[in-house]
Amino acid sequence: MAFLKFNKAELVNLSYSLKREIILANKTGAYCNTSIVTCNTRRYHGLLAVPVDEFGGGQYLLLSSLDESLVIDDKRFNLGIHRYGTIYEPRGHKYIVDFKADPVPEITYKVGAVVLTKSILLVPNSDQVLISYHLEKSPSKLDLELKPFLAFRSVNCLTRKNDEAVLDYREIRNGVAFNMYQGFPDLNLQLNTSSASFVSEPHWYEGVTYSDEYRRGFDCVEDLFVPGHFSLRMKEGDTVIFSASVNEVAPAGMKRVFSSGVEKAGIIEDYHDQLVHCADLLKRDRGGKKQITAGFSWLYTGLLRETLYSLPGLTLYADGNMEEFEEILDNLIADNEERFYRRTTQIEAPLRLADVLQQYIEFGADPGRVWKKYGPVVRGVIESYAPGCRKEAALQPNGLIWAQAERVALSWMNAYANGFPVTERAGYQVETNALWYNTLCFAIEMEGRFPGKGSKAFTDRWTPVRDAAKATFQPMFWCDVKNCLADYVDGAGQNTDVRCNQLYAVWLPYSMVDDEHMAKIVKVVRDELLTSRGVRTLSPRNPKYRGVYEGSQIERDLAYHQGCTRLYPLYQYIEVMFRMRGAAFMKKAEWLCEGFYDDLNKHGVGAFSEVYDGDPPHEPHGAIFSAVSTAALLGIGYVMEKYMEE
């Protein structure tokens, strides 16, 4: 029994099936992403998108789609589906009778008495997608035709028919190779059988329309080049493998590579298996450099904030891989010296390093070795917030950090609308200062436990700052009217928007909030922000609240941090509640998580979405496959397991 599956009634209903997406990814950074009926609805969709080093490592779509046709008794049945304007043509989804993924997607087509299954595998360690066609039932022989739609463009752009495109091809073993523009890698299209022939019929298919882009008000129409089609004879029981790759491969080895890939993918038996599988796909290892991809299909790899958010979950809490944790962290530090020590609009992100190291030590890493290796980085981060070091933020005499840059969102709430930040939050930000205090306490403690050259000078300088921050924080941020912490404090006083950011002040190991006020904060979060799909970014009682993430780009940007729920604050909330209530909170924690697993057949099938609507029924939105969301659920699982043992 497949872990995830859809029936015929769901598949033929385009209003349902086009909202469900397949997402496959691998260690090289390649991906395959389309709807469960293989109709592309976004510009990011395609069967093979790969990083192109020649263009700075950005993602480029090579193979957009592959239309299958069955020729039975001289009658052609086209199994593909595309949208042109408002028309779907062909409408091959009507032949789909089954879809399952555990985790390799398998689609079953039925045309009369003929049954054909198609399985899609992204090869784990190469820029290659393999598609297996197995003719399960057929009264007689038939012809299978495969028609490739070529894109050769950035995943962020669309392409049009043009005179610059190179439309020629060269013959390779059991196939043909294309390279439409300078700088791109070759796209090698091959089959594992020499009996297939390629028929050249070059043609631009104009007006291919992406419904999701149209709905959001973006450019949504492009032209795709179809060079011809492959044709081969099949009989019942036959299996043929199609390969699209940046390298020419040995046809004789395709079946072995496909079988090996399916075997390595394993069987998904429960939700933890699914989480671990997702975590593995989000860790890229291209050219021997391990990094975390923030999400698919459009989020980037190696981002500072997203990597620090998700690193413990995707490594330590997924499979306990401490070596991989350090390797990814080392690469992140090497790539982000500017942001760690000198300048960044992600003003709180460098301060997340201390929290990440605290989680690492709590997981079992040797604290002395960790501090010897990473202590200089933490100290350097602290020094960078001293007056005169950063233009965007600086330490004040009261021990807290003030962040401000005109028309710039200097926090993780960094959506913009019409060039203006939706939530600028200039001043003393609650989460930034909670992280600042935690970092100071951690560094001072570790310097005391593992002293080295300069330790005394460091602690003598920063201990008074730590003490001043603690003395200042609660009186400055506490809001009696709301019974919780202000979101930020500026020259006009407290901003009393009730947001999830205050959770940092009660979740981090070192807190500036006393127990009485901590309990009040948690109650407000529970009463106003907590939902069955995470924690809202803004209370519904606020007039700025937007409960649904839909509409134009501006409308969605206005909702992104103004009501949408997130999983990472839920991780923080659940851990705080376990500290307060112990194992008695277990049932509630389970209930708060089960909705995300119920939604695995929505949005990105088998993946965990970036955001959810603040209003019921809390539909998933944003990136269909989020590193932060996946890591948060793994973190919650780790905390729950710890309290189960107690």
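Worth saying up front: this structure is predicted, and the values here are computed from it rather than measured. Counting begins at 1 with the first residue of the sequence.
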Q | Lys19 atom NZ: more than 12 heavy-atom contacts under 6.0 Å | A | no

**Q.** Test item: side-chain donor near acceptor, Asn414 and Trp412, under 3.5 Å
**A.** no

Q: Working to the nearest 0.5 Å, report the span between CE of Met512 and CG of Leu485.
A: 9.0 Å

**Q.** Criterion side chain to side chain contact (heavy atoms under 4.5 Å, CB included) on Cys278 and Gln274, from CA distance to verdict
**A.** CA-CA 6 Å; Cys278 288; Gln274 188 68 30; 3.9 Å; yes

Q. Does the gap between the ring centers of Tyr437 and Tyr510 come in under 6.0 Å?
A. no

Q.
Can you confirm whether Tyr597 is buried at OH, in the sense that more than 12 heavy atoms of other residues, nucleotides or ligands lie under 6.0 Å from that atom?
A. yes

Q | Least distance between heavy atoms, Ile347 atom then Tyr385 atom | A | O-OH, 2.7 Å

Q | Matching residue for Trp507 among Gln572, Glu575, Gln502 - test: side-chain hydrogen bond (donor to acceptor under 3.5 Å, both in side chains) | A | Glu575

**Q.** Of Val605, Thr34, Ile22, the residue whose pairing with Pro105 passes side-chain contact (heavy atoms from CB on, under 4.5 Å)
**A.** Ile22

Q: Kindly give the heavy-atom pair with the smallest separation between Asn156 and Arg43, and that separation in Å.
A: O-NE, 3.2 Å

Q) Taking the six-membered ring for Trp, are Tyr360 and Phe325 ring centroids under 6.0 Å apart? A) yes

(Q) When you compare the side chains of Arg425 and Ser411, does any donor N or O come within less than 3.5 Å of an acceptor on the partner? (A) yes

Q: Classify the side-chain pair Asn495/Asp487 by whether it contains a donor and acceptor separated by less than 3.5 Å.
A: no

Q | Between Arg566 and His561: side-chain donor-acceptor atoms closer than 3.5 Å | A | yes

(Q) For Tyr612 and Tyr549, I'd like to know if the aromatic rings sit close, meaning centre-to-centre distance below 6.0 Å. (A) no

Q) Hey, does the side chain of Thr537 reach the backbone of Gly563 with a donor-acceptor pair shorter than 3.5 angstrom? A) yes

Q) Hey, would you say the Tyr31 and Tyr44 ring centroids sit under 6.0 Å apart? A) no

Q) What's the verdict on side chain to side chain contact (heavy atoms under 4.5 Å, CB included) for Leu299 and Glu306, showing C-alpha distance, side-chain angles and the deciding distance? A) CA-CA 10 Å; Leu299 300 181; Glu306 288 75 5; over 6 Å; no

(Q) Ring centroids only, cut at 6.0 angstrom: are Tyr428 and Tyr488 within range, meaning strictly under it? (A) no

Q.
For Phe363 and Tyr638: C-alpha separation, side-chain torsions, deciding distance, then whether ring-ring contact (aromatic ring centres under 6.0 Å, His included) applies.
A. CA-CA 10 Å; Phe363 188 78; Tyr638 175 73; 5.7 Å; yes

Q) To the nearest 0.5 Å, what is the distance between NZ (Lys482) and CD1 (Ile521)? A) 14.0 Å

Q. What is the distance from atom CD of Glu324 to atom CG of Leu314, rounded to the nearest 0.5 Å?
A. 9.0 Å

Q.
Go through it in stages, so that I can follow the logic: the residues are Asn433 and Met476, the test is side chain to side chain contact (heavy atoms under 4.5 Å, CB included), and I'd like the CA-CA distance, side-chain angles, deciding distance and then a yes or no.
A. CA-CA 11 Å; Asn433 282 287; Met476 175 182 286; over 6 Å; no

Q) How many angstroms lie between CG in Leu351 and CH2 in Trp436, if you round to the nearest 0.5 Å? A) 7.0 Å

**Q.** Sidechain-backbone polar pair: Arg343 side chain, Arg339 backbone, donor-acceptor under 3.5 Å
**A.** no

Q) Atom SG in Cys32, atom CG in Leu47: separation rounded to 0.5 Å? A) 5.0 Å

**Q.** Residue pair Glu619, His603: steps toward the side-chain hydrogen bond (donor to acceptor under 3.5 Å, both in side chains) verdict
**A.** CA-CA 9 Å; Glu619 291 297 311; His603 208 35; over 6 Å; no

Q. Does the pair Asp599 and Ser609 meet the rule for a side chain to side chain contact (heavy atoms under 4.5 Å, CB included), with working shown?
A. CA-CA 9 Å; Asp599 284 346; Ser609 301; over 6 Å; no

